[in-house]
Visitor: 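One structure, as structure tokens, below. Some questions next.
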Amino acid sequence: RESMEVVISKGAGDEVNVGNTDSDWDQSKLDGWWSAYRAINSIFADIMSMMLRPNDMIWIHDYHLTLLPKMIHDAEIEETGKRTVEMIYFLHIPFPTSQVFRELEHGEAILEGMLHADVVGFHAFDHARHFLNASKRILGLTYESLVGGLIGVRYRRKKVLVTVSNVSIEPDIIDAALELPSVTEGTKALKAKHAGRQIITGVDIAQRLSGVFLKLLGYERLLHDYPVWQTKVVMIQRCLVPGTRHADEADTLKEVRALVNRIKTKFGADVIDYEEVICSALPIDQRLSLWSASDVLSVTPVREGFNTVPLEYVYSRKEPAVPGVVLTSEFSAINSILNGALRINPYDIQMAVTFMDKALTMSIEEKEARRSRDIEFVSSCPSGMWTRNVLRDLRDATSGTNADGTKNVCEEAAARMESVDEAAAILSMNSLEFPPLNIDAVTRAYKSASQRVLVIDFNGTLVMKEPPGKYLKREMLGTTGNKPPEIVLKALADLCQDPKNTVLVVSGDTQKNLEDALGNVPGLGLAHSNGACYSVPLPGETQREWLSYDLGVDWEAVKKTALPILSKYTARTNGSFVKLTHSSIGWTYYSCDPEWGALQASYLVPELERELSAFDVRFVTLKGVVEVVPRKLNKGLVVKKILEEVAGTTGGKPVDFILCMGDDVSDEKMFTSVFSFIAESNAASIGTDDSVMEDVSKDNAVPMHAFTVAVGKKKTHASYYVDSSRDVPHLLVGMSGGHIPISQSSSWESDGSGSKRDVFA
């Protein structure tokens with residue numbers, strides 16, 4: 001069509017030509033393209049219809065063939081009068097929001113085409129959510145939750161399953177390629193070329209959505225704001241030019257070339273190694289040479305579907321290689337897969353600079369921790385495994401497990417799921433008016449006592465938990481692998497050396513993590529797996545002996561039943577994983593999309609309850625975690641056991657000081673066990689107004705001091721509270737006779753706004 005030019009009169013005879021007003025969004029221009037698109041889909045449909053037989057299965061990939069499921073469906077109905085072919089449609093690019101999708105003239109036809117498949121798959125829950133919203137707003141369809149945590153859309157009396165899953169790289173191929181001489185030589189050449197510099201690598205398609213220009217802006221700012229890096233870092237950037245979007249590629253390359261020249265002019269040619277390659281993907285040996293030579297991989301698109309480059313990078317840096325760091329965009333699908341990556345908003349240049357600097361200065365310990373979070377998925381989900389997972393979803397979709405008229409399990413599962421707050425609320429607990437802990441009073445009571453027992457929770461008490469923030473997904477998971485500050489470790493060691501003290505740390509974590517954090521503190525008692533196993537070294541003992549309870553459950557049989565179910569949910573929930581301890585099986589979804597993770601958890605619990613009904617187990621549902629434990633197991637068991645052992649081995653000398661601290665609902669049993677011990681031993685009478693309990697009978701003039709302390713003010717059985725785990729170091733150091741210098745307390749005393757609090761006030 002001819003272009004139109006508009007001339008606007010400014011008055012006084014002046015005219016301004018504002019140029020071509022044709023809109024890029026004028027969809028009348030797309031009639032020819034839409035006809036061609038339909039024709040291509042029709043050609044595929046004709047060929048496939050000739051090849052397909054009744055009850056065959058077909059898997060259709062990506063946006064090029066959105067109309068194909070409907071065309072195949074219509075062809076089979078016309079020929080046989082019924083539908084027998086099973087179809088999977090998987091979209092490998094982001095699905096736009098419903099507001100954008102509604103602007104498409106042929107959006108309804110695209111949705112209808114996709115919905116004729118039995119399974120519609122996506123790589124990220126965001127994409128699936130957009131598809132569901134578009135189906136609702138444009139076609140008026142509703143979706144429902146199905147057995148097993150799946151989502152179903154009712155379309156023309158048929159259930160269409162919407163699923164989220166991912167494929168990784170092929171480890172065998174990568175392993176073989178890493179042995180190629182060209183990879184070794186290429187790696188050596190890159191390191192020699194950029195000797196003395198850390199290497200940031202990027203390989204991107206030269207198109208706007210790849211975010212190359214924004215990445216280079218961030219790198220330029222890094223060199224400006226952190227001059228020290230000007231002689232210590234280089235960015236190797238490869239721009240691939242596939243020739244599929246000529247105008248986009250030309251505009252992008254023009255901008256990128258200008259920025260590269262500006263960076264070289266400002267900071268020298270050695271800070272950037274830039275090349276353009278006419279291809280859609282680098283050969284595998286060239287890619288692996290880049291991955292092996294680089295310290296940081298930066299892939300920061302402004303919008304992207306599934307990209308295996310970061311997965312390939314993580315795998316190529318597996319042990320024994322030194323791990324690298326991945327910088328990825330929060331707008332990419334890979335963001336929901338790699339939990340060890342640093343996530344940035346590419347539009348936020350200052351944020352990009354900060355995380356580049358963090359990646360370049362990251363300790364080897366943190367790099368290894370981040371690699372460990374991703375390497376299992378990256379190395380264990382090749383295309384064969386992914387295919388089996390998607391085919392399993394297809395079987396679920398076509399098995400009629402949620403046919404019309406059956407009960408929707410959504411309400412049932414939701415009722416079974418209890419959050420931490422809900423679980424705490426149903427307990428018979430103190431009013432929120434209970435007093436804050438007076439650290440000076442505790443210290444005085446401690447010094448006056450002659451037989452003391454200290455029981456302290458680990459995660460969230462000794463070690464600070466990270467706040468969930470806006471999303472459950474975050475930089476590092478919970479407190480795993482963290483250690484208390486050195487001054488706290490010293491305080492624990494000093495407390496343990498006092499013969500009047502028995503000190504026990506109780507954790508829901510594994511034995512290895514607990515021993516790594518606290519195992520070197522001599523004389524410290526430890527209990528892992530929520531108290532299922534415990535070790536309280538006697539004076540002079542150097543070897544730690546672990547004891548466990550017989551809880552009346554065949555745990556191997558429980559695992560044999562539960563693990564296949566958990567494996568199914570893990571495969572369809574990006575970022576989730578199974579964690580095994582001595583007497584618990586945990587499914588953790590803290591690093592998942594919060595909505596998708598919570599939805600999967602809400603259906604996992606009733607399925608586990610159904611399959612494990614023959615075993616004496618219960619289910620603990622905390623924020624981000626579903627855990628299976630023996631019904632008899634709780635932290636209170638080990639607390640009462642230790643109190644009784646101490647009382648029975650002191651020659652009749654009574655326990656006259658107890659401190660018990662914890663931060664969440666799993667610690668409530670510790671508090672009640674303290675009260676139970678006191679009541680049963682008649683060592684003290686429980687006052688209603690004060691938890692410093694003193695037996696003032698004439699026969700026993702020794703006062704009994706018992707402090708049960710909740711970390712954080714909440715409904716609890718505890719008698720006192722401290723504001724947060726920041727207060728715990730001050731208490732322990734104070735009892736041990738030490739002192740915390742202000743400079744050392746700053747790491748945990750900041751409230752996030754830079755202010756400090758006086759916890760002794």
Visitor: Using 0.5 Å steps for rounding, measure from the CG atom of Asn530 to the NE2 atom of His582.
Guide: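 Answer rounded to 0.5 Å: 13.0 Å.
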Visitor: In sequence, state the C-alpha distance, the side-chain angles, and the governing distance for Asp516 and Lys512, and then conclude on salt bridge (Lys or Arg N to Asp or Glu O under 4.0 Å).
Guide: CA-CA 6 Å; Asp516 287 347; Lys512 180 181 184 304; 2.9 Å; yes
Visitor: As a test of understanding, state which of Phe122, Tyr589, Phe125 forms a ring pair (Phe, Tyr, Trp, His ring centres under 6.0 Å) with Trp596.
Guide: Phe125
Visitor: With a 4.5 Å cut-off on side-chain heavy atoms, are Ser583 and Val629 touching?
Guide: no
Visitor: Going by atom types only, do Tyr315 and Asp175 share a side-chain donor-acceptor pair under 3.5 Å?
Guide: yes
Visitor: Less than 4.0 angstrom from a charged side-chain N to a carboxylate O is my criterion; do Arg343 and Glu330 meet it?
Guide: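 So Arg343 does not pair with Glu330 through a salt bridge.
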Visitor: Less than 4.0 angstrom from a charged side-chain N to a carboxylate O is my criterion; do Glu185 and Lys188 meet it?
Guide: no
Visitor: Check this for me: does any side-chain nitrogen of one of Asp273 and Arg238 sit under 4.0 Å from a carboxylate oxygen of the other?
Guide: yes
Visitor: For Gln511 and Ser529, does a side-chain donor sit closer than 3.5 Å to a side-chain acceptor?
Guide: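 The answer is no; no qualifying pair exists.
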Visitor: Please indicate whether Met385 has more than 12 foreign heavy atoms, meaning atoms of other residues, nucleotides or ligands, lying under 6.0 Å from its CE.
Guide: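 Open.
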Visitor: Where does the angle between the aromatic ring planes of Trp386 and Trp59 fall among parallel (under 30°), tilted (30 to 60°) and perpendicular (over 60°)?
Guide: tilted
Visitor: Between the side chains of Ser329 and Thr300, is a donor N or O closer than 3.5 angstrom to an acceptor N or O?
Guide: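 The criterion, which ignores hydrogens and geometry beyond distance, is not satisfied for Thr300 and Ser329.
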Visitor: Between Gln207 and Thr252, do the side chains contain a donor N or O and an acceptor N or O under 3.5 Å apart?
Guide: no
Visitor: Checking Thr184 against Thr187: is there a side-chain donor and acceptor pair closer than 3.5 Å?
Guide: no
Visitor: Using the ring of each side chain (for Trp, its six-membered ring), is Phe95 parallel, tilted or perpendicular to Phe131, with breaks at 30° and 60°?
Guide: perpendicular
Visitor: State, yes or no, whether a side-chain contact exists between Arg618 and Val620 at a heavy-atom distance under 4.5 Å.
Guide: yes
Visitor: Any heavy-atom pair between the side chains of Val558 and Val617 that's under 4.5 Å?
Guide: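 Side chain of Val617 against side chain of Val558, heavy atoms only: contact under 4.5 Å found.
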Visitor: One pair to check against side chain to side chain contact (heavy atoms under 4.5 Å, CB included): Trp587 and Val625. What are the steps and the verdict?
Guide: CA-CA 6 Å; Trp587 186 72; Val625 180; over 6 Å; no
Visitor: Can you tell me how far the CG atom of Leu180 sits from the CG atom of Leu288, to the nearest 0.5 Å?
Guide: 8.0 Å
Visitor: Could you tell me whether the side chains of Glu607 and Tyr569 share a donor-acceptor contact shorter than 3.5 Å?
Guide: yes
Visitor: If you measure only the distance, is there a donor-acceptor pair under 3.5 Å linking the side chains of Asn339 and Arg373?
Guide: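 There is no such pair between these side chains.
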Visitor: Is the shortest side-chain heavy-atom distance between Tyr219 and Val271 below 4.5 Å?
Guide: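 When only atoms from C-beta onward are counted, Val271 and Tyr219 do touch, with a gap below 4.5 Å.
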Visitor: Would you say the ring centers of His92 and Phe90 fall short of 6.0 Å from each other?
Guide: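 His92 vs Phe90: aromatic centres under 6.0 Å.
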Visitor: Within the 3.5 Å criterion, strictly below it, is a donor on Thr201 or Trp291 matched to an acceptor on the partner's side chain?
Guide: no
Visitor: Carefully, step by step, assess Glu368 and Val322 under the rule side chain to side chain contact (heavy atoms under 4.5 Å, CB included).
Guide: CA-CA 8 Å; Glu368 289 173 347; Val322 176; over 6 Å; no
Visitor: So, do Asp172 and Pro382 sit near enough that their side-chain heavy atoms are less than 4.5 Å apart?
Guide: no
Visitor: Quick check: Trp546 with His528 (ring centres under 6.0 Å apart)?
Guide: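 Between His528 and Trp546, the centre distance is under 6.0 Å.
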Visitor: Let me see the working for Val605 and Thr621 under side chain to side chain contact (heavy atoms under 4.5 Å, CB included), right down to the final yes or no.
Guide: CA-CA 8 Å; Val605 172; Thr621 56; 3.8 Å; yes
Visitor: Establish, from distance only, whether the side-chain atoms of Ser210 and Asp204 form a donor-acceptor pair under 3.5 Å.
Guide: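 Checked: Ser210/Asp204 side chains show no N/O donor-acceptor pair below 3.5 Å.
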Visitor: Rounded to the nearest 0.5 Å, what separates atom OG1 in Thr163 from atom CG in Asn389?
Guide: 9.0 Å
